[in-house]
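Worksheet for the structure shown next.
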Amino acid sequence: MIRGLVLLLLALAAATPAAARVRTGIDVLEDQHFAPLRAIAARHGGRLRLGILANPVSRDGQGRRTIDVLRDDARAAVPGLEVVRLFSGEHGIDAATDDTDIDDRIDKASGLPIVSLYGRADAERHPNAQQMAGLDAVVIDLQDAGVRYWTFQTLTKYFLRASAAFKVEVILLDRPNPINGIAVQGPVSTPGIEDYTTPFPEPMRPGMTLGELARMFNGEERIGADLTVVRMTGWKRSDWYDDTGLLWINPSPNLRSVNQATAYAGTALLEGTNVNIKGPGDAPFLRFGAPWIRATELAAHLNARAIAGVSFLPVSYVAASDKLYPFAGQRVQGVEILIQDRTRLDAPALGVEIVAALWKLYGTAFQIDRVDRLLRNRAVFEQIKAGKDPRSIALGWRADLTRFKARRARYLLY
């Protein structure tokens, strides 16, 4: 009888999901009974009009949207708090679109207006005076991808600038770097060429959380924003997302797993070229191809390079029917990346290896000039075009990484 009861209890425990070890910024804010918001309200005479920058990942440990937590629980705890409007960036507030121009609309669940900051023109991506009008603070709760060209970094920096310009405070609710906070890899982008995919001179994989990056942008560029970062608890720099116990929610339509996020730190260099990286099913960033690639040849070349942590499988597939990606609906040849040891993989170096292989094997059939759109390091790009060995190229960017790490150290929170 007792043995049967013990077995039943063990079975129930095994069937019950373990609580997440990591508590994100929104959870910690709740644990603090919204004390940071009460402090801001006190500075504004007991009133706090909030804007919220969010997407579907913006949820607490119970699965409630940050938007709803702040409208309901926080409003009860902070008299005078009112959520005025919502903001969204690339992919929209529901992370369901790859469109390059997203319109304003209404959030059905709350009835709040959503201001889209992802238009075709650069000016449409910066919060302006009208959009910030009537706000005392903006809460940012976004999931970074751990790579420099993930545009939520840039959007965060734009809000810091708007905060300083229009005297609006920023509260950033921190979340894990999904591909860990230790690895700092890839060429550092060339200073002075910042754009929407290059917010700051940093490597492709900076090894920081969005909260740490916001502190660095604010400090290094002397933006002067009134920034509060609500730190996570339980997160270690060595954690990958699947170490945290947190539920994976796609931050974009094509980023659907930790493996994809790991590969994205390198294979995204092919975005915008005439190579299809949106394979069928769950393959984006782990599979790529084109009609002019010979799959067996390319896989053999890359496998012969003995790149740490990965191997390559020749594949043929019908490219997903998506107008934003080349060869949609056509059969292409290419390779699938098999990640065997993510801790040994230098994904940015992998990206350079792939670009160099395509250039060496297929020459001008490959639109290599479009690679620097995300690489953003002209010296490295010219070395690839000149046929220099990728390992030698990677050795050449180590000094820049060392200098970046020294700057980075001042802003780390964990």
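Note that this is a predicted model, so its numbers are computed, not measured. Values below: all heavy atoms of this structure, side chains included; hydrogens, waters and symmetry mates excluded.
- Ring pair Phe366/Trp292 is tilted by interplanar angle, where 30° to 60° counts as tilted.
- Taking the charged nitrogens against the carboxylate oxygens, Asp243 and Lys236 have no contact shorter than 4.0 Å, which rules out a salt bridge.
- A distance of 9.0 Å separates NZ of Lys405 from CZ of Arg398, quoted to the nearest 0.5 Å.
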message: For Asp341 and Thr343: C-alpha separation, side-chain torsions, deciding distance, then whether side chain to side chain donor-acceptor pair (under 3.5 Å) applies.
response: CA-CA 5 Å; Asp341 186 348; Thr343 64; 2.5 Å; yes

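- Taking the ring axis of Trp240 as reference, the NZ or CZ atom of Arg342 stays within 45° of it and closer than 6.0 Å to the ring centre.
- Annotation: Tyr317 is not in aromatic contact with Phe288 [ring centroid separation under 6.0 Å not met].
- The pair Arg407-Glu220 meets the salt-bridge criterion, since a charged nitrogen lies less than 4.0 angstrom from a carboxylate oxygen.
- In the model, Ser238 has no side-chain atom that pairs as donor or acceptor with a side-chain atom of Asn180 under 3.5 Å.
- How far OH of Tyr241 is from CG of Leu246: 4.5 Å, rounded to the nearest 0.5 Å.
- Here the side chains of Thr156 and Leu213 are not in contact, with every heavy-atom distance at 4.5 Å or above.
- A side-chain donor-acceptor contact under 3.5 Å links Glu90 and Thr151.
- Salt bridge present: Asp136 and Arg49 bring a charged side-chain N and a carboxylate O closer than 4.0 Å.
- Salt-bridge formation is detected for the pair Arg376/Asp195: a Lys NZ or Arg NE/NH1/NH2 atom is positioned less than 4.0 Å from an Asp or Glu carboxylate oxygen.
- Glu382 has no carboxylate O lying under 4.0 Å from a charged side-chain N of Lys388, or vice versa, which leaves the two without a salt bridge.
- In this model, no donor atom of one side chain and acceptor atom of the other lie less than 3.5 Å apart for Ser257 and Asn259.
- Taking 4.0 Å as the cut-off between side-chain N and carboxylate O, Arg43 and Glu169 count as a salt-bridged pair.
- Here side-chain hydrogen bond (donor to acceptor under 3.5 Å, both in side chains) pairs that include residues 210-219, with residues two or more places apart or in two chains, are Glu212-Arg237.
- Residues Asp389 and Arg305 are paired through a salt bridge, judged by an N-O separation under 4.0 Å between the basic side chain and the carboxylate.
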task: Any chance you could lay out the salt bridge (charged side-chain N to carboxylate O under 4.0 Å, His left out) test for Glu336 and Arg287, step after step, and finish with the verdict?
output: CA-CA 4 Å; Glu336 182 165 342; Arg287 181 183 297 167; 2.7 Å; yes

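- A parallel orientation is assigned to the rings of Tyr158 and His126, their planes being inclined by less than 30° (bins at 30° and 60°).
- Counting non-hydrogen atoms of neighbouring residues, nucleotides and ligands closer than 6.0 angstrom, the NE2 atom of His33 reaches no more than 12 such neighbours.
- Sorted by first and then second residue, the pairs that involve residues 61-70 and meet side-chain hydrogen bond (donor to acceptor under 3.5 Å, both in side chains), not counting sequence neighbours, are Glu30-Arg64, Asp60-Arg64, Arg64-Asp73, Arg65-Asp68, Arg65-Asp107, Thr66-Asp141.
- Looking at Asp174 and Tyr414, their side chains do bring a donor and an acceptor atom within 3.5 Å of each other.
- By the 4.5 Å heavy-atom criterion applied to side chains, Ile171 and Leu173 are counted as neighbours.
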query: Would Lys167 and Asp226 count as a salt bridge (charged side-chain N to carboxylate O under 4.0 Å, His left out) if you check the C-alpha gap in whole Å, the side-chain angles of each, and the deciding distance to 0.1 Å?
result: CA-CA 8 Å; Lys167 308 303 180 188; Asp226 194 336; over 6 Å; no

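- You'll find the ring centres of Phe159 and Phe87 inside the 6.0 Å limit.
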